[in-house]
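I have placed the structure first, in the form of structure tokens, so that the comments after it can refer back to it.
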Amino acid sequence: MQHLLLRLPLFVSILGIASLGMLIPALHALALDLHRTGQPFLYASILFCVLTALLGLATWTVTSARPARDQLVTLLACFLGLPVVLAVPFREALPDASFFNVYFEMVSSITTTGASVFDTPDRLSPPLHLWRGLVAWFGGFVILVAAAAILAPMNLGGFEVLRPRGAPVNQAGFDQSMQSTDPKERLIRVAGRILPIYAVTTAGLWLLLVLSGVAPFEALMLAFSTLSTSGIVPGRPADPLNTGVLAELLIFVFLFVAVSRQTLQNDLNRAFFPRLMDDREMRLALVFVTILPVALFLRHWIGAFEISEEGDLAQGIQALWGGIFTVLSFLSTTGFVSGDWAAARDWSALPTPGLVLAGLAIMGGGVATTAGGVKLLRVYALYKHGVREMSRLVHPSSIGTAGRLGRELRREGALLAWIFFMLFAVSIAGVMVLLAAAGLSFDESLVFAVASLSTTGPLAGIVLDGSLSFAPLSVAAKTIICGAMVLGRLETLAIVALFNPDFWRR
């Protein structure tokens, strides 16, 4: 099997896996007696499996002179071209939807954005919801593998901040068993290492949610969405969860997988938790999860004075928990809203601070995770550089500590982090200009640009009091958002690398 995968191009392998995955909603539809929904997935699976076999035979002897370049191009093709294939059975099972809307839905799913053009959840049957969640889960797995096997060796995806110049790849956080000089072999090793952990973690969360009282299908969708940080649920994405506090607590714990790469890429031994708590991204995330909910709680508490509700202890605790859960959810770019988030508004009669959630989504989660945004490691590098500069104002002749890696993080790492932050800001401005040209207002353009570039689709239904939706947008606006979602998923530096002439020169 490994020899077969080594001979096939990466895109052909991904196409084959996606084709086999179509059997899952087909079997689910068969179990629910929804034969009209299941037949398109069964026929599409057979069709694309045959197409995969033909492409495999045609490219069996093809060798690449620049495998790293080809893998990066394959990633781009995976997020732009593969959704065409994924949309075929979805469109046949939903005849009243346009193919472009279904394509938008698949791009949103595979990039783990979670933006949906279907405002009425009942319009989609359970197998179609399952296909959305499954595509997002597969997209999250592709990102995890690509980060370790493609982006890390190329110093992209955040690793340009962590790794000093000339350092070996394993200093970026991966052990020697995941390294190989052959890019394809490295991909297989990384996939074989991450897939069992990723699948077992998803299954574990599913089982725990079912035991907590959540319906099995809803629990499965929540497990897919949590591990892939897509925020895809059977209901409307912006609606608060109605699963109860225990289920939210379980999801809260598993959301930390999107905060640090150490959660999925290190062995479970005695040093796991000490190493995890010493991780820079984890510590920074804990600071945000601690300070921001307290600030939001105080805001609602002050607002409760005006309506004489400050003594309602139960609603106060609900407001605090709703803030803690929602802050971590948007920091990981998942977009879940706690069921107690509405309780905080009822307690104080204050609107939702949407810009705070938008800022959290822009910061994003950890490097080499399924989260989007700028990434916490880059924010940490800028913070350390700022602290060091303020220290030099007081002690100009002082020498920074933390060793060579710490100095590299504060200097070259901070510079690269600032460059990426500026590129991200320019990307937001560019997408806003294009959306404004498509007929959207300034506020709408800003929200949609941040939601798509940070891969946090549910953000659009939260910021402006739930007045925004992807459904009524024009084809031009949806096309722009599709491109922005792919740009946010691959990151600007990877796209810039594709335009480097040396990257294409033989």
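If you're wondering where the values come from, they're calculated on a predicted model, not measured in any experiment. For reference, positions follow the sequence shown, starting with 1.
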Compare all side-chain heavy atoms of [X] with those of [Y] and state whether any distance is below 4.5 angstrom.
X: T369; Y: V257; answer: no
X: F224; Y: I232; answer: no
X: P126; Y: L32; answer: yes
X: F141; Y: T370; answer: no
X: S212; Y: L250; answer: yes
X: L284; Y: Y383; answer: no
X: V337; Y: D239; answer: no
X: V289; Y: F252; answer: yes

Next on the checklist: Per the salt bridge (charged side-chain N to carboxylate O under 4.0 Å, His left out) rule, what does the pair list look like for residues 355-379, sequence neighbours excluded?
Outcome noted: E160-R378, K375-E491, R378-E491
Next on the checklist: Considering only residues two or more places apart or on different chains, which pairs with a residue in residues 126-137 satisfy salt bridge (charged side-chain N to carboxylate O under 4.0 Å, His left out)?
Outcome noted: E105-R132
[X] side, atom [atom1]; [Y] side, atom [atom2] - distance, nearest 0.5 Å:
X: L156; Y: L490; atom1: CG; atom2: CG; answer: 10.0 Å
X: L82; Y: F138; atom1: CG; atom2: CZ; answer: 7.0 Å
X: L207; Y: L220; atom1: CG; atom2: CG; answer: 12.0 Å
X: L434; Y: I480; atom1: CG; atom2: CD1; answer: 5.0 Å
X: R123; Y: L128; atom1: CZ; atom2: CG; answer: 10.5 Å
X: L134; Y: I24; atom1: CG; atom2: CD1; answer: 4.5 Å

For the side chain of [X] and the backbone of [Y], is there at least one donor-acceptor N/O pair under 3.5 Å apart?
X: E444; Y: L468; answer: no
X: T111; Y: V486; answer: no
X: S230; Y: T112; answer: no
X: T113; Y: A115; answer: no
X: S329; Y: F325; answer: no
X: E218; Y: P234; answer: no
X: Y198; Y: W137; answer: yes

Checklist entry - After noting the C-alpha distance and the side-chain angles of F330 and I462, does the key distance pass the side chain to side chain contact (heavy atoms under 4.5 Å, CB included) rule? => result CA-CA 11 Å; F330 279 86; I462 299 294; 4.0 Å; yes
Checklist entry - Should the pair H28 and F217 be assigned to parallel (<30°), tilted (30 to 60°) or perpendicular (>60°) ring geometry? => result parallel
Checklist entry - So F118 and F90, would you call those rings parallel, tilted or perpendicular, with 30° and 60° as cut-offs? => result parallel
Checklist entry - What pairs meet the side-chain hydrogen bond (donor to acceptor under 3.5 Å, both in side chains) rule with one or both residues in residues 447-456, with sequence neighbours excluded? => result S454-T456
On a heavy-atom basis, which atom in [X] and which in [Y] lie closest, and how many Å separate them?
X: R280; Y: L377; value: CD-CD1, 4.3 Å
X: I110; Y: F79; value: O-CE2, 3.5 Å
X: A477; Y: L473; value: CB-CB, 4.1 Å
X: R489; Y: A371; value: NH2-O, 2.9 Å
X: Y103; Y: C482; value: CE2-SG, 4.4 Å
X: W131; Y: L86; value: NE1-O, 3.1 Å

Next on the checklist: Between I324 and L328, does the side chain to side chain contact (heavy atoms under 4.5 Å, CB included) criterion hold? Intermediate values first, please.
Outcome noted: CA-CA 6 Å; I324 293 174; L328 180 60; over 6 Å; no
Next on the checklist: Would L76 and L80 count as a side chain to side chain contact (heavy atoms under 4.5 Å, CB included) here? Give the steps.
Outcome noted: CA-CA 6 Å; L76 183 61; L80 281 177; 3.9 Å; yes
Item to check | side chain to side chain contact (heavy atoms under 4.5 Å, CB included) between M363 and V374, intermediate numbers included | outcome: CA-CA 5 Å; M363 282 190 290; V374 175; 5.7 Å; no
Checklist entry - So does W206 have more than 12 non-hydrogen atoms from other groups sitting under 6.0 Å from CH2? => result no
Checklist entry - Is the CZ atom of F421 crowded by more than 12 outside heavy atoms at less than 6.0 Å? => result no
